[in-house]
Amino acid sequence: MPKQIRLTTPLSNEDVEKLNIGDKVLLNGILLTGRDAAHKRLFELIEEGKELPVDIKGQVIYFVGPTPAKPGKPIGSAGPTTSYRMDPYSPKLIQLGLKGMIGKGNRSQTVIEAMRKFKAVYFGATGGAGALIAKRIKKAEIVAYPDLGPEAIRVLEVEDFPVTVVNDTKGNDLYQEGIKRYAKE
Amino acid sequence: MIREIPSKKIIEVVRGLCIDANYNLGNDVLRAFDKAIEAEESPTGIEVLKELQENARIAWEEKAPICQDCGLAVVFIDIGQDVHITGGDLTEAVNEGVRQGYEDGYLRKSACHPITRKNTGDNTPAIIHIQIVPGDKMKIVFAPKGGGAENMSRVTMLTPAAGIEGVKDFVVNRVKESGSNPCPPTVIGVGVGGTFERSAILAKKAILRDIGNRNPDPELATIEEEILTRINRLGIGPMGYGGNTTSFDVFLEIEPCHIASLPVAVNIQCHAARHKEAII
Ligand code: SF4
């Protein structure tokens with residue numbers, strides 16, 4: 001069993017600095033959601049020096065576009081989307097105090113470097129486990145850009161939301177380490 | 001004898017298949033999870049596989065989509081030449097089935113205009129592949145295809161001199177370069193031969209096979225096994241966290257091609273290997 005750590009957002013530098021690649025983390029508290037379109041808007045506001053509609057300091061952003069919620073449920077299936085599409089925007093958000101991102105798949109060197117410099121981590125959630133992940137989301141509320149539909153920014157209240165540390169604050173990458181460890185040439 | 005099939009019946013069947021395929025993962029994939037949990041070396045990999053197993057159970061119990069990416073609606077239809085469709089046209093009937101299935105099943109609609117990126121709002125148009133076959137029945141296979149794995153798929157035109165070794169290398173490299181993006185463990189469809197477009201359709205058809213079913217041609221079956229072994233030595237593992245379960249299976253389909261070319265297509269299918277069929 002990999003090591004399991006429980007954390008509650010917002011996260012501090014100390015919280016993220018103790019994490020290492022491969023650690024299994026159960027997140028509690030709130031997560032922000034956003035994918036391509038929301039990231040683009042946040043980035044434009046930063047470029048124009050304007051205030052963001054949500055405070056991202058110490059927060060964790062989950063890259064997700066859920067299915068519609070059935071009546072009586074807070075959210076539909078809600079697994080991660082592929083993260084590389086957010087790479088152009090992430091370093092700026094990390095610089096402004098974002099402490100974590102949740103998605104699936106590789107990040108660029110620039111993002112990994114920003115995480116090292118400004119102390120943030122990238123978590124992987126299990127892609128395709130949308131029904132399981134939805135059960136750890138207790139509440140979902142749209143807080144910005146409702147016009148974007150599934151891509152609107154939401155605040156999620158989560159309980160033991162399961163993720164794995166893929167990039168830590170030391171510049172390590174689980175994808176590369178995993179291959180090194182298990183590849184048979 | 002001509003057999004009549006009302007278009008209303010087609011709408012109803014397609015609607016049902018959309019929901020069934022998205023909520024209920026096939027037994028072949030469930031068996032593959034069990035087998036992989038036994039064989040996987042990486043503890044983190046085993047954790048991921050157990051999550052996927054648990055996810056499939058929750059989806060089935062709660063009638064919820066396995067994955068939030070409910071895919072583009074890919075539909076393969078074999079129509080018996082003695083079938084006559086009444087009360088409306090076939091394409092519209094399939095699209096109406098998709099429209100109703102995605103709406104009533106609370107499925108995510110992911111179809112959009114390729115340039116403006118505006119969502120079409122109802123997950124249509126479906127991607128429909130029709131073949132006319134002997135008989136008076138109609139077989140409909142519905143296979144929702146998510147973006148993550150589809151984006152990692154490729155078609156290439158090798159030189160004939162590259163031969164079968166060139167084909168194997170191309171497939172293995174494609175899986176290697178895709179890394180964690182297509183949600184491994186994956187299923188790999190390989191289409192070799194035909195023309196540019198035909199190879200891609202062969203590759204897509206290949207992923208409709210159930211995991212564990214080899215190509216009936218023993219030579220092709222051997223190639224499938226060889227590619228699978230090489231892929232699982234790459235070390236990518238479940239979700240790319242490292243391990244020896246990178247793909248559950250490799251399916252190869254071939255067709256004759258031009259003397260000057262060797263088309264090869266690789267269609268990557270994620271572990272949400274969804275496909276359901278019905279015969280009317
Ligand atoms: S690649 Fe497959 S399992 Fe992963 S998010 Fe896309 S549809 Fe879901």
Side-chain angles (χ1 to χ4, degrees), chain A residues 1-4 21-24 36-37 64-71 73 75-85 103-107 124-136 148-151 162-166 173-185, chain B residues 22-23 41-49 51-52 54-70 102-103 105-110 117 119 146-149 151 176 178-184 232-244 246 270-272:
Chain A
M1 271 279 280
K3 192 163 136 205
Q4 265 202 14
I21 55 168
D23 288 349
K24 174 118 195 216
D36 314 53
V64 63
T67 60
K70 281 191 175 174
K73 301 266 179 181
I75 202 161
S77 291
T81 192
T82 312
S83 308
Y84 67 78
R85 298 191 315 266
K104 65 171 178 101
N106 285 325
R107 306 311 303 274
T126 300
L132 176 128
I133 292 173
K135 296 203 58 115
R136 311 294 174 89
L148 295 180
E151 295 208 37
V163 292
T164 302
V165 179
V166 171
D173 185 339
L174 177 62
Y175 296 134
Q176 283 177 17
E177 290 306 313
I179 288 175
K180 268 193 216 150
R181 181 130 173 233
Y182 292 98
K184 299 181 179 75
E185 286 314 331
Chain B
N22 273 294
Y23 290 0
E41 292 169 25
S42 146
T44 306
I46 293 174
E47 286 286 297
V48 169
L49 290 162
E51 271 187 25
L52 295 179
E54 172 74 357
N55 181 64
R57 189 188 59 78
I58 294 172
W60 177 79
E61 250 174 44
E62 303 203 346
K63 301 191 183 349
I66 301 158
C67 180
Q68 74 289 338
D69 186 345
C70 302
Y102 275 70
E103 186 61 30
Y106 294 87
L107 306 178
R108 200 183 80 188
K109 296 142 188 148
S110 307
R117 310 306 296 177
N119 198 300
N151 283 346
K176 188 174 179 180
S178 305
S180 55
N181 290 328
C183 288
N232 284 333
R233 292 171 71 86
L234 291 173
I236 296 168
M239 280 322 288
Y241 299 156
N244 54 324
T246 300
C270 51
H271 60 74

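Proteins get letters first, then strands, A, B, ... in listed order; numbering begins at 1 in each. Side chains are part of it too, since the values below use all heavy atoms of this structure and drop only hydrogens, waters and symmetry mates.
With hydrogens and angles disregarded, a donor-acceptor distance shorter than 3.5 Å links the side chain of K70(A) to the backbone of K63(B). Listed for the Q68(B) side chain is no donor-acceptor partner under 3.5 Å among the backbone atoms of G65(A). At least one donor-acceptor pair under 3.5 Å links the side chain of K104(A) to the backbone N or O of N181(B).
Comparing A64(B), G243(B), P238(B) by heavy-atom pairs within less than 4.5 Å of chain A, the highest count is held by G243(B). Residue with the most contacts toward chain B among G130(A), A131(A), G105(A): A131(A) (heavy-atom pairs, distance under 4.5 Å).
Proximity to chain A (any heavy atom under 4.5 Å) is shown, for A272(B), by neither the backbone nor the side chain. Contact of L107(B) with chain A is made through the backbone alone, with heavy-atom distances under 4.5 Å. For chain B, no part of A134(A) is nearby; none of its heavy atoms comes within less than 4.5 Å. When heavy atoms are compared at a cutoff of 4.5 Å, I66(B) approaches chain A by way of both its backbone and its side chain. Only the side chain of Y23(B) comes within less than 4.5 Å of a heavy atom of chain A; its backbone N, CA, C and O stay farther away. Interface residue A78(A): only backbone heavy atoms are found under 4.5 Å from chain B. Looking at C70(B), only its side chain comes within 4.5 Å of chain A, counting heavy atoms on both sides. Heavy atoms of K180(A) lying under 4.5 Å from chain B are absent altogether. Looking at N119(B), neither its backbone nor its side chain comes within 4.5 Å of chain A, counting heavy atoms on both sides.
To the nearest 0.5 Å, atoms OG1 (T126(A)) and CG (N55(B)) are separated by 9.0 Å. With values rounded to the nearest 0.5 angstrom, R181(A) atom CZ is found 7.5 Å from T44(B) atom OG1. Here the CD-NZ distance, from E54(B) to K135(A), works out to 8.5 Å after rounding to the nearest 0.5 Å. We find the OG1-CD1 distance between T246(B) and I179(A) to be 8.0 Å, quoted to the nearest 0.5 Å. In this structure, the separation between CG on L174(A) and OH on Y241(B) is 7.0 Å, given to the nearest 0.5 Å. To the nearest 0.5 Å, the span separating CG on L132(A) from CD1 on I58(B) amounts to 4.5 Å.
The residues E51(B) and K24(A) are annotated as salt-bridged, a charged nitrogen and a carboxylate oxygen being separated by less than 4.0 angstrom.
Closest approach of G128(A) and C183(B) over heavy atoms only: N-SG, 4.4 Å. Residues G148(B) and T82(A) approach most closely at CA-OG1, 4.2 Å, considering heavy atoms. Contact record, Y106(B) with P71(A): OH-CD, 3.1 Å, taken as the closest heavy-atom pair. Looking at every heavy atom in both residues, P43(B) comes nearest to Y182(A) through CD-OH, 3.6 Å.
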Trace of the side-chain contact (heavy atoms from CB on, under 4.5 Å) decision for S180(B) with N106(A): CA-CA 7 Å; S180(B) 55; N106(A) 285 325; 4.3 Å; yes
